[in-house]
Amino acid sequence: MTPLAVTDKLFFERADSVLDRATAEATLGSALSRSDDGELYLEYREGEQISLDDGRIRSAGFDTSLGFGLRAIAGEATGYAHASELSDAALRRAADSVAAVAAGYSGTAAEPPRATNARLYSDANPLGATGFPKRTALLAEIDAYARGKDARVVQVMASVIGEWQAVQIMRADGNRVADLRPLVRLNVSVVVEQNGRRETGSHGLGGRFAYDHVTAPQIWRGAVDEALRQALVNLESVPAPAGEMEVVLGSGWPGILLHEAIGHGLEGDFNRKKTSAFAGLLGTRIASPGVTVVDDGTLPDRRGSLTIDDEGTPTSRTVLIEDGILVGFMQDRLNARLMRMRATGNGRRQSYAHAPMPRMTNTLMVAGPHSPDEMIRSVRRGLYAVNFGGGQVDITSGKFVFSASEAYLIEDGKVTVPVKGATLIGNGPDALTKVVLVGNDMTLDPGIGTCGKNGQGVPVGVGQPTLKLSALTVGGTAT
């Protein structure tokens, strides 16, 4: 069955359904009759989560949600109403609320999103009652495997998370599109102890596919091995030095710095409102030559990918920075219309209870010509940051602080001792100009990213090659 047929059954043909499709279309058309844009967003979601800590299942849950969000846009104003009751009556109440935003206004309906027949991931639901016991048993296997690998392992934490989301988006002109979205993730953390010192290592992976992509033995064992490797490296770490120094960023997950410090500043709403550090700089050089950054929602099976965004627009590969020049922004329909630009398929929302806004999908820096070894050899004294933990960024100024969960000193062109407590401090616009070497090893993250904005969380991806920055402030703990 097509996604449209599946979602028709979920929303209009349920045994307990009191929402009629023809009535919904008529109500939608009336509610948006004087608006510039808007849509009815219908969503069904199943989700499960199972977590293990220290040999015992600590939590397990399964939930479903069903509801709609109705939006009307008049100029810059937005009316939004949502309900978990799927009925003609609830939709009429929502329509009365959102229609008020266009009172006394005569809008011109925006063109609908272009159609697409792309399918970037399987439609199949990865969840299922028969699989729940198997996934519980898998976590016990992970615990036993980690403890058997090294006698220094004193604690193991692991979790599996799965979701299946079905959405249908209806427009006042009769256009309807639908999407079926699987999403799974495996997380592993290992605590090791040696001579009274405890350290932790973590690894996770996931994407828009079935559970077997993360629960196959060679996959989950690889995740455990990586978490254990990081923990053992941290056992040997020394306090990180502080000061301004050359920094080499590893490939893959360190792209989270690119996402936070630069990506948010290239979202359309911040630039339209001129609250981004990049506002007004379109067409100018904002980064070193060789730096090309794209947001690509079309990568198959990736965590941040979407066949269509949450407004019904097909996602795209949007070039943001090309060879150091700012050439584009990530746009939803509202901001694209107001800025007289093209919607890029970046209108996203956490659920039916939230209005969409411009959000990243998979944000990455394109590979360059240099090898990682070449970068390391060129550093006299600096920091090699391989993995990151948490971070903070201010969108208006671009200032950021990120903690490195795995980092090493570089001394006389060689990677030497691991360091602990290193933080990278700077601002996104300035850091872009300090990229002096771009690696040839562009790697995507393993599929673990979640992005927060205005209280909404959505799954995202990041990626980058190894990068060398000429100078960055490093906060350390060495005395």
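Between the CE atom of M330 and the CG atom of D309 there is a distance of 13.0 Å, given to the nearest 0.5 Å. If you take CG on D173 and CD on E25, they are separated by 10.5 Å, rounding to the nearest 0.5 Å.
Summarising the geometry of D323 relative to R285, their closest heavy-atom pair is O-NH1, 3.1 Å, with the distance given to 0.1 Å. Between F278 and L326, the shortest heavy-atom contact is O-CD2, 3.9 Å. Nearest heavy atoms, L28 versus M170: CD2-O, 3.4 Å. Here the shortest heavy-atom pairing between S305 and N362 reads OG-ND2, 2.9 Å.
Remark: aromatic rings of H264 and H259 are close, center separation under 6.0 Å.
Between W164 and Y44, the angle of the ring planes goes over 60°, which puts this pair in the perpendicular group of the 30/60° scheme. Using the six-membered ring where Trp is involved, H213 and F209 have ring planes that are parallel, under 30° apart on the 30 and 60° scheme.
Around atom CZ of R229, more than 12 heavy atoms belonging to other residues, nucleotides or ligands sit under 6.0 Å away.
A donor-acceptor contact under 3.5 angstrom links the side chains of S202 and S189, judged on distance only. For the residue pair E406 / N387, a side-chain donor-acceptor distance below 3.5 Å is found, with atom types taken as modelled. Counted by atom type alone, E46 and T64 present zero donor-acceptor pairs between their side chains at under 3.5 Å.
Relative to the ring axis of F270, K453 places its NZ or CZ within 45° and under 6.0 Å from the centre. Figure legend: cation-pi geometry between R71 and Y41 absent, as NZ or CZ is not positioned both under 6.0 Å from the six-membered ring centre and within 45° of its axis.
Without hydrogens or angle criteria, T78 side chain to I73 main chain gives no donor-acceptor distance under 3.5 Å.
With sequence neighbours left out, A367 forms a side-chain contact (heavy atoms from CB on, under 4.5 Å) with M442. By the side-chain contact (heavy atoms from CB on, under 4.5 Å) test, A277 pairs with P429, sequence neighbours left out. Listed by chain and residue number, V248, S251, P372, M375, D441 satisfy the side-chain contact (heavy atoms from CB on, under 4.5 Å) test with T466 (two or more places apart in sequence, or in another chain).
For the pairing with E163, the salt bridge (charged side-chain N to carboxylate O under 4.0 Å, His left out) check across R303, R45, R185 returns one residue only, R45.
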